[in-house]
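For reference, the structure discussed in these notes is given below.
Note that the coordinates shown come from a computational prediction; the quantities given were computed from them, not determined experimentally. When a ligand or atom number is given, it counts from 1 through the structure's own listing order.
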Amino acid sequence: MLLSVTKPQRLLINFRSSWNNNIPSLFKFTLRAPITTFNTFKIPRAFGLNLTRTMASNSTELPSSTIPIFTTVADYRAWRRAAFKAGKTVGFVPTMGALHEGHISLVRESLENNDLTVVSIFVNPAQFAPHEDLATYPRTLPKDLQLLEEQKITSKSCGETRTPSAVFVPTVSEMYPSGIVQNVAEQKGTFIEVQGYGHQMEGKSRPTFFRGVATVVTKLFNVIEPTQAYFGQKDIQQALLLKRMCRDLLLSHPEPSNLHIIPTARDPTDSLALSSRNAYLSTDGRKVATTLWQALKAAETAWTEGRTKRECINAATKVVEEKIAQASKDGLEVVMKLDYVEMNDAQTFEVLEEEKARRDTGLVILSGALYVDKTRLIDNILLGDIHQVLG
Ligand code: AMP
């Protein structure tokens with residue numbers, strides 16, 4: 001007998017006949033819960049490993065999937081050890097779920113360039129301030145898994161057909177053994193802060209956001225041990241800050257150069273940056289949501305025409321003002337409010353000085369945030385040699 005399950009017995013294990021992406025078939029199973037308390041189950045021997053696995057308490061029902069789902073660090077690590085032994089490279093795409101084509105573009109990049117691809121789905125409480133939308137953040141796990149199952153590419157470099165290899169869906173207690181509250185002043189335990197880089201741009205509006213992100217990504221890197229990791233330009237400050245963190249913490253999984261930043265995927269109809277939070281938009285809100293992108297494009301045009309930084313930002317705010325006036329004329333039921341449009345140095349994240357901006361042709365992040373009703377949309381354009389950071 002390959003596997004023994006101790007109580008409760010409601011764990012459903014589907015062995016599959018073939019091994020996905022050359023991972024030993026012992027690890028190819030689908031778990032279906034509910035898993036009510038600690039369950040232990042043994043998998044006798046694979047690649048000389050004798051594994052006893054413990055699955056953390058989880059009251060959430062896991063949907064079935066043809067992709068192996070891991071909910072505990074211990075389970076995932078056993079799988080990862082086998083991948084190490086088999087000499088496989090592992091690409092990693094961390095997400096908070098509610099997957100869309102933007103996430104999938106990262107998954108496809110990973111599939112193209114790695115033997116195995118792992119996606120994590122975890123809504124990280126530590127990156128939400130107490131007043132933010134943790135409780136209402138969209139959670140669509142069955143749909144996410146279905147979308148991942150549909151992904152299949154034939155690698156251009158080696159001709160191998162690849163699909164996502166594993167999904168890591170931990171519980172909050174698995175990721176935060178010391179517990180986690182959203183109020184930073186009350187938090188206990190270990191946190192990561194990338195000093196000097198988390199208070200500008202997005203950090204100005206969300207002062208504890210990057211601390212939460214850096215902490216969870218460090219934990220995820222420690223668990224997943226990716227050869228390469230993939231992040232979106234959509235959250236450019238986050239991606240660049242994490243690259244810096246990998247360098248500062250001397251991480252090997254991934255090496256800083258193996259943290260890749262992939263261009264923002266957009267709605268083909270109006271170029272709205274795809275985002276899980278777009279789901280919050282009302283019909284009228286969706287009609288005007290592309291305002292931020294249009295504002296940034298106006299600033300970009302001004303920049304390429306050689307205008308000053310002030311003129312670029314004025315061009316962007318003018319677009320927003322016109323759109324607000326137009327929405328009101330059209331009788332749309334929507335409230336738009338510009339949070340910020342700014343130009344920052346891509347190295348330091350500091351606001352560009354007016355004069356420096358025109359002389360220095362280093363990489364510039366033109367970014368902004370716009371409230372459409374209560375939904376805060378963000379977007380950015382990189383000005384200068386984008387190859388310094390993308391890819
Ligand atoms: P999230 O689930 O929002 O935390 O995003 C997970 C990853 O997907 C992050 O690296 C994001 O930057 C990336 N991402 C989100 N939206 C897009 C998009 N429209 N295009 C490319 N990457 C994206």
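Here the heavy atom of the protein found nearest to atom 15 (C) of ligand 1 is H100 CE1, 4.0 Å. In this structure, atom 5 (O) of ligand 1 lies nearest to the protein heavy atom H103 NE2, 3.4 Å. The protein atom (non-hydrogen) at minimum distance from atom 4 (O) of ligand 1 is M96 CG, 3.6 Å. Closest to atom 20 (N) of ligand 1 among all protein heavy atoms lies A265 N, 2.8 Å. Looking from atom 22 (N) of ligand 1 to the surrounding protein, the closest heavy atom is G232 CA, 3.4 Å. Closest to atom 6 (C) of ligand 1, if we only count protein heavy atoms, is P94 O, 3.3 Å.
A salt bridge does not link K318 to E321: none of the charged nitrogens lies less than 4.0 Å from a carboxylate oxygen. For D379 and R266, the salt-bridge test passes: some basic side-chain N is under 4.0 Å from an acidic carboxylate O. The existence of a salt bridge linking K287 and D330 is excluded, since no basic side-chain nitrogen approaches an acidic carboxylate oxygen closer than 4.0 Å. One finds a salt bridge joining R206 and E132 here, because a Lys/Arg side-chain nitrogen approaches an Asp/Glu carboxylate oxygen to under 4.0 Å.
Between the side chains of S65 and E149, at least one donor-acceptor pair of N or O atoms lies under 3.5 Å.
Of all atoms in ligand 1, listed by their number and element, those nearer than 4.0 Å to a heavy atom of T95 are 2 (O), 6 (C). Listed by atom number, the atoms of ligand 1 under 4.0 Å from L274 heavy atoms are 16 (N), 17 (C), 18 (C), 19 (N).
Heavy atoms of A239 come nearer than 4.0 angstrom to ligand 1 in no pair at all. Using a non-hydrogen distance threshold of 4.0 Å, R266 does not register as a contact of ligand 1. Taking 4.0 Å as the cut-off, P263 counts as a neighbour of ligand 1 on heavy-atom distance.
Screening V184, N183, T190 for a side chain to side chain contact (heavy atoms under 4.5 Å, CB included) involving Q187 leaves a single residue, V184.
Geometrically, K243 does not engage F231 in a cation-pi contact, judged by NZ or CZ lying under 6.0 Å from the ring centre and within 45° of the ring axis.
Ring geometry for Y76 against F168 counts as tilted: the plane angle lies between 30° and 60°, on a 0 to 90° scale.
The distance criterion of under 3.5 Å between nitrogen or oxygen atoms is not met by A273 with respect to ligand 1. In terms of polar-atom proximity, F231 is not counted as a contact of ligand 1, lacking any N or O under 3.5 Å from an N or O of the ligand. Looking at T264 next to ligand 1, no N or O pair under 3.5 Å apart turns up. In terms of polar-atom proximity, D235 is counted as a contact of ligand 1, with an N or O under 3.5 Å from an N or O of the ligand. Polar contact with ligand 1: absent for L106 (N/O pair, distance under 3.5 Å).
Between the D345 side chain and the L352 main chain, no donor and acceptor come within less than 3.5 Å of each other.
When the options S105, G102, G97 are ranked by their closest heavy atom to atom 18 (C) of ligand 1, first place goes to G102.
Heavy atoms of other residues, nucleotides or ligands lying less than 6.0 angstrom from NZ of K323 number 12 at most. Around CD of E333, the count of heavy atoms belonging to other residues, nucleotides or ligands within 6.0 Å does not exceed 12.
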